[in-house]
Each structure stands twice: as C-alpha cells, then as structure tokens.
Amino acid sequence: MDYLHGSEWSRMFDNALSMYSVNRTAMLRYASRRNAKPVIEKAIENLGTHND
C-alpha cells in the first residue's frame, strides 16, 4: 500500500466496507494469498474501535 498513507488508507477502507457488501472471509482469504492478511486484519480491528 505504498500509494495510500495514514488516514487515506483508513478512510478508503472504511468507505469501501460501509458502501459495499464485502465478504470479509473471502477478503481475508485473498489477502492471505497476497501476503497482506495481517494488514487487513489490523484494518478491520481499527474499524471496530473507530465505529463504536
């Protein structure tokens, strides 16, 4: 994610999940194949703390 920094990444991810129906299991499986699963899991955790 070199082209997205800090709050840009968070805002983009939050908007995508709020605007579209996202199958999180499939997204995590895809991220795992791309060696990005820890990043996506962290983003999902952060959304949980920001949306309370």
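Going from atom NZ of K42 over to atom CG of L47 covers 11.5 Å, rounded to the nearest 0.5 Å. Interatomic distance, CZ of R11 versus CG of N15, reported as 8.0 Å (0.5 Å rounding). Distance check: F13 CZ to I40 CD1 gives 4.5 Å after rounding to the nearest 0.5 Å.
The two residues T25 and N23 have their closest heavy-atom pair at N-OD1, 3.1 Å.
Qualifying side chain to side chain donor-acceptor pair (under 3.5 Å) partners for R29, counting only residues two or more places apart in sequence or in other chains: none.
Under the 4.5 Å side-chain contact rule for hydrophobic residues, Y20 and Y30 do not share a cluster.
Remark: the backbone N or O of D14 is paired with a side-chain donor or acceptor of S18 at under 3.5 angstrom.
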